[in-house]
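The structure displayed is predicted, hence computed values, not measured ones.
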Amino acid sequence: MKLKKVSLLVVLLLIADQALKIWVKTHMHLNEAIVVFPDWFQLRFIENNGAAFGMHIYTGSGFDWGKLLLGIFRIAMVCAVGWMIHRLVTKRQDTPKGVIVGLALILAGALGNILDSAFYGLIFSESTPYAVAEFGGHYAGFMMGKVVDMFYFPLFQWNSVPRLLRFLVDSNNYFFGAIFNLADAYISVAVVYLIFFQYRFFNR
């Protein structure tokens, strides 16, 4: 698989991710939901700070060092994955196309969420439950923007959830209550695929 094709794939995936996020950001109110398929699939607009495990490390001025460190870590990982793709495409002719596509999905997903954090705070007004965000606003500095999520699959309600499994449900006890975006889906699908279907290549 040629490097130009891989680059084009990453760009197309990134455009799809950003186009959907921008549409949601500029056409939906915060916490608004659009039912796509009743009872199991909604577009529900939320934003998250993007900090791992809700980590926030503040100085007296209120600066979120945890978010900045996470952003730096993401950029380092993007560089590492990009280097790996380049090396496999140019140096390892025996690399399966599935491995390259999987790594391209991870790269596009990581870049997609980095763009949210890096620039959304600079180019959008802040989303609220009462007003749709607009271009040309400013609600946070560089790398301090919020990540846009929208895919919600409330598959079924699970009452009396054991404490150890609370992470599997949302506040209304709907199983798989996590809300995610295309970039998250790229990464999750790619990681599962590489682990289960390409482990032999990585073992070599």
Side-chain angles (χ1 to χ4, degrees), residues 3-4 6-33 43-87 102-152 178-191:
L3 199 58
K4 286 185 179 180
V6 180
S7 301
L8 179 61
L9 174 61
V10 171
V11 169
L12 291 176
L13 291 170
L14 193 57
I15 289 173
D17 172 68
Q18 290 298 304
L20 179 58
K21 287 175 177 175
I22 291 172
W23 184 89
V24 168
K25 179 86 172 166
T26 57
H27 288 78
M28 297 178 67
H29 301 289
L30 194 63
N31 300 319
E32 179 182 354
L43 288 180
R44 182 180 292 273
F45 175 30
I46 68 164
E47 292 181 316
N48 68 75
N49 287 322
F53 308 109
M55 178 180 65
H56 299 280
I57 304 173
Y58 293 109
T59 63
S61 61
F63 188 78
D64 190 345
W65 286 98
K67 188 172 179 62
L68 179 61
L69 292 173
L70 181 63
I72 293 172
F73 172 76
R74 283 175 172 163
I75 292 171
M77 290 303 298
V78 162
C79 293
V81 174
W83 174 85
M84 183 182 294
I85 291 174
H86 182 272
R87 182 171 178 80
L103 292 174
L105 281 165
I106 293 173
L107 181 61
L111 283 171
N113 285 333
I114 286 173
L115 288 178
D116 293 28
S117 297
F119 299 110
Y120 279 22
L122 298 173
I123 63 177
F124 287 113
S125 60
E126 187 168 14
S127 299
T128 73
Y130 311 105
V132 174
E134 298 179 350
F135 281 109
H138 179 274
Y139 71 85
F142 181 68
M143 295 302 298
M144 294 293 119
K146 296 179 180 179
V147 176
V148 175
D149 293 325
M150 76 292 293
F151 292 129
Y152 180 46
I179 303 177
F180 58 98
N181 56 44
L182 265 182
D184 299 327
Y186 295 160
I187 296 171
S188 300
V189 169
V191 168

Among K25, E32, H29, side chain to side chain donor-acceptor pair (under 3.5 Å) partner for S127: K25
Approximate separation, where rounding is to 0.5 Å, of I46 CD1 and M28 CE: 11.0 Å
For residues 136-143, which side-chain donor-acceptor pairs fall under 3.5 Å, sequence neighbours excluded?
| residue | atom | partner | partner atom | Å |
| --- | --- | --- | --- | --- |
| H138 | NE2 | A140 | O | 3.2 |
| Y139 | OH | K146 | N | 2.9 |

Spacing of L20 atom CG and L43 atom CG [to the nearest 0.5 Å]: 7.0 Å
Spatial distance of atom CG (L8) from atom CG (L13) [nearest 0.5 Å]: 9.5 Å
Full working for side chain to side chain contact (heavy atoms under 4.5 Å, CB included) between L111 and L107: CA-CA 6 Å; L111 283 171; L107 181 61; 4.1 Å; yes
S125 (side chain) donor-acceptor with E134 (main chain) under 3.5 angstrom: yes
Shortest non-hydrogen contact between T26 and F124, atoms and distance: CG2-CE2, 3.7 Å
Note, N181 side chain near N113 side chain (heavy atom, < 4.5 Å): yes
Test side chain to side chain contact (heavy atoms under 4.5 Å, CB included) applied to V191 - qualifying residues, sequence neighbours left out: I106, I187, I195
Side-chain donor/acceptor of N31 to backbone N/O of P129, under 3.5 Å: no
F151, CZ atom: more than 12 neighbouring heavy atoms under 6.0 Å: yes
May I have the list of side-chain donor-acceptor pairs in residues 76-87 shorter than 3.5 Å, sequence neighbours left out?
none

Residue pair A108 / L14: nearest heavy atoms and the distance that separates them: O-CD1, 3.7 Å
Y186 to D17 - nearest heavy-atom pair and separation: OH-N, 4.0 Å
Pairwise side-chain contact, Y120 with V147, heavy-atom cut-off 4.5 Å (strictly under): no
Distance, nearest 0.5 Å, that separates NZ of K21 from CG of L182: 8.0 Å
